[in-house]
Undergrad: 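Structure in structure tokens, see below.
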Number of protein chains: 2
Amino acid sequence: MDHKALKLFISNFVELTENDWKAVEPVIEVLHLKKNGFFIREGKIAKKIAFTNKGYLRVYYNHDGDEITRDISPLYTMITALPSYIKQKPSFEIIQAITDCELLIIKRDHLEFLYDNYPNWQKVGRRIIEEMFVETQNRIYSLITQTAEARYKKMIESFPDIFLHVPLQYIASYLGITSQSLSRLRKTIKF
Amino acid sequence: MDHKALKLFISNFVELTENDWKAVEPVIEVLHLKKNGFFIREGKIAKKIAFTNKGYLRVYYNHDGDEITRDISPLYTMITALPSYIKQKPSFEIIQAITDCELLIIKRDHLEFLYDNYPNWQKVGRRIIEEMFVETQNRIYSLITQTAEARYKKMIESFPDIFLHVPLQYIASYLGITSQSLSRLRKTIKF
DNA sequence: CAAAAAAGTTAACAAATGGTAAAAAAAGCT
DNA sequence: AGCTTTTTTTACCATTTGTTAACTTTTTTG
């Protein structure tokens, strides 16, 4: 296993040494999930972080019986139920495979060990979450300034591959609208 | 200057040593901003982070002539224009004092030095941004699942002090609605 | 204090989105 | 393939929010 995509992903943030990589290699596990398989279930405590080497995950939660999709992970990103992961409390967020997935996993204990013993890894953790924070801010801007139609069009531009794999109802709730509203939008949009 | 509030804030995340504190004391500066004074102007490059020791700041940007408020900082929080700070590119975000403010400042170069030489400080940086990320996620949930009225009510509960100091138009755009809509909501809500 | 500017409110109408229900289309299952 | 379940679309009406414009109130400034 050479973890090529993972190394490329991380090299965007920090230049790691051979030694840093040697420390992480033994604690990376591979997890294959079938479509609809769960990475994290409701009420469970998140004890690992995943890198999506193949496939798409979604993060959602149950809101009065409706599933609200907070995130659809593109390829090659880090993902976990962070509120649960940080506080080690039962997760309200559910993470499930939209397609068959290959995930690279690191357990929380291992990652904490890396953080405390390899300053470069602590830095990786900080830099990645910083980027995720900025992206989330951008999403807030689009939610408070743009119509659902504009958000939908932007999503098509930014993540065209997602539409090949992800049911529209998930996309609708990610955009903050009902699937009926999304259908209506799609009817009026011509390309 | 004993930085009591700052120490309390940081101790929520990481236990620092005397030595860690000795390293940061010399590089903390105090900045007093008058109401409407700028912490970061549009087009400038963010080179510092603030801790709001007194007063309230807002983060906003110009969107077709309208000011869109992305954030209103409560007391005792860290704040900067992160996209500009990370990439060292001109900021589209503007940070301005809503009230007279006392800010504890650390310059980016100093903070980077701390990050690279004091693992505990790197950890502080990571833990704080993790928390901010989770809060931002919660805001996304409320934007995609709740009506403006529900968001407004929740804001009153969560940050009652903000309403004593912050113009309603800023709150409206923070909630993702116009100030006219907020007026309408306020008229219909009885307490 | 008075004038000017900014902030907040109101109203009428327009546009966007939600809720409900049903039909159509697609996907999953023996 | 045929049956079942899930997903997507459509339609109608209700609700929420936006737009424009005028007015009122509050704050700032000379």
Side-chain angles (χ1 to χ4, degrees), chain A residues 33-37 55-56 58 60 62-69 72 96-100 140-156 162-191, chain B residues 33-37 55-56 58 60 62-69 72 94 96-100 140-156 162-190:
Chain A
L33 280 185
K34 288 280 175 200
K35 179 175 178 177
N36 294 325
Y56 299 87
R58 77 178 170 122
Y60 66 99
N62 284 318
H63 177 259
D64 308 338
D66 289 336
E67 294 181 351
I68 302 299
T69 298
I72 298 166
Q96 194 174 8
I98 297 175
T99 62
D100 290 356
I140 285 181
Y141 274 127
S142 84
L143 285 166
I144 66 183
T145 61
Q146 298 186 301
T147 63
E149 180 176 333
R151 296 200 297 277
Y152 176 67
K153 283 179 171 171
K154 190 175 163 192
M155 191 175 179
I156 293 173
I162 294 243
F163 289 83
L164 303 173
H165 306 288
V166 177
L168 289 169
Q169 52 181 334
Y170 301 164
I171 292 170
S173 93
Y174 177 89
L175 294 172
I177 57 178
T178 61
S179 61
Q180 293 90 327
S181 293
L182 180 57
S183 268
R184 180 167 38 202
L185 288 182
R186 286 162 54 82
K187 195 166 54 168
T188 66
I189 297 174
K190 290 289 158 272
F191 299 96
Chain B
L33 279 186
K34 287 280 175 200
K35 179 175 178 177
N36 294 326
Y56 298 86
R58 76 179 171 122
Y60 66 99
N62 286 316
H63 177 259
D64 308 339
D66 290 336
E67 293 180 352
I68 303 299
T69 298
I72 298 167
I94 302 159
Q96 194 175 7
I98 296 174
T99 61
D100 291 354
I140 284 180
Y141 274 126
S142 84
L143 284 167
I144 65 183
T145 61
Q146 299 187 300
T147 63
E149 180 175 333
R151 296 199 298 277
Y152 176 67
K153 283 179 171 170
K154 191 174 163 191
M155 191 175 178
I156 293 173
I162 294 244
F163 289 84
L164 304 173
H165 305 289
V166 177
L168 289 169
Q169 52 181 334
Y170 301 163
I171 291 170
S173 94
Y174 177 88
L175 294 171
I177 58 177
T178 60
S179 62
Q180 293 91 326
S181 293
L182 181 55
S183 268
R184 182 167 37 202
L185 288 182
R186 285 161 55 82
K187 194 166 56 168
T188 66
I189 297 174
K190 292 287 158 273

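Values below: every heavy atom of this structure, side chains too, minus hydrogens, waters and symmetry copies. Note that the coordinates shown come from a computational prediction; the quantities given were computed from them, not determined experimentally. Below, chain A is the first sequence line, B the second, and so on; all start at residue 1.
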Undergrad: For Tyr56(B), check ring pair (Phe, Tyr, Trp, His ring centres under 6.0 Å) against everything at least two apart and list the hits.
TA: His165(B)

Undergrad: If you restrict it to nitrogen or oxygen atoms, what contacts under 3.5 Å exist between nucleotides 9-12 of chain C and the protein, and what is each distance?
TA:
{"unit_1": "dT9(C)", "atom_1": "OP1", "unit_2": "Arg186(B)", "atom_2": "NH2", "d": "3.4"}
{"unit_1": "dT9(C)", "atom_1": "OP2", "unit_2": "Ser183(B)", "atom_2": "OG", "d": "2.7"}
{"unit_1": "dT9(C)", "atom_1": "O5'", "unit_2": "Ser183(B)", "atom_2": "OG", "d": "3.2"}
{"unit_1": "dA11(C)", "atom_1": "OP2", "unit_2": "Lys187(B)", "atom_2": "NZ", "d": "3.3"}

Undergrad: How long is the line joining CD1 of Ile177(A) and C1' of dA15(C), in whole Å?
TA: 15 Å

Undergrad: Any chance you could measure Thr99(B), atom OG1, to Lys35(B), atom NZ, to the nearest 0.5 Å?
TA: 8.5 Å

Undergrad: Is the phosphate of dG18(C), meaning OP1 or OP2, less than 4.0 Å from a side-chain N or O of Thr178(A)?
TA: yes

Undergrad: For the OH atom of Tyr60(A) and the OG1 atom of Thr69(A), what is their distance to the nearest 0.5 Å?
TA: 8.5 Å

Undergrad: Rounded to the nearest angstrom, tell me the gap between atom CG in Asp64(A) and atom P in dG19(C).
TA: 11 Å

Undergrad: Side chain to side chain donor-acceptor pair (under 3.5 Å) with Thr145(B): which residues, sequence neighbours excluded?
TA: none

Undergrad: Write down the distance between CG (Leu175(B)) and C1' (dG8(C)), rounded to a whole number of angstrom.
TA: 15 Å

Undergrad: May I ask you to check whether Tyr152(A) and Arg186(A) show a side-chain donor-acceptor distance below 3.5 Å?
TA: yes

Undergrad: Walking along DNA chain D from 5' to 3', note the first and the last nucleotide with an atom under 4.0 Å from a heavy atom of chain B, and give both.
TA: dT17(D) to dT28(D)

Undergrad: Quick one: CG on Leu185(B) to OG1 on Thr147(B), what's the gap to the nearest 0.5 Å?
TA: 7.5 Å

Undergrad: Measure CG/Leu185(B) against P/dG8(C) and give the value in whole Å, please.
TA: 15 Å

Undergrad: How many Å lie between CZ on Phe163(B) and P on dA7(C), as a whole number?
TA: 17 Å

Undergrad: Angle, rounded to 10°, between the helical axes spanning five pairs at each terminus of the helix from dC1(C)-dG30(D) to dT30(C)-dA1(D)?
TA: 60°

Undergrad: Checking Arg184(B) now: which residues fulfil side chain to side chain contact (heavy atoms under 4.5 Å, CB included) with it, not counting sequence neighbours?
TA: Ser181(B)

Undergrad: OH of Tyr141(B) to CD1 of Ile68(A): how many Å apart, nearest 0.5 Å?
TA: 8.5 Å

Undergrad: Distance-only, no hydrogens or angles: does the Arg151(B) side chain make a donor-acceptor pair with backbone N or O of Gln146(B) under 3.5 Å?
TA: yes

Undergrad: Find the distance between OH (Tyr170(A)) and CD (Glu67(A)) and round it off to the nearest 0.5 Å.
TA: 6.0 Å

Undergrad: Could you tell me which non-hydrogen atom of Leu143(B) sits nearest to which non-hydrogen atom of Leu175(B), and how far apart they are?
TA: CD2-O, 3.9 Å

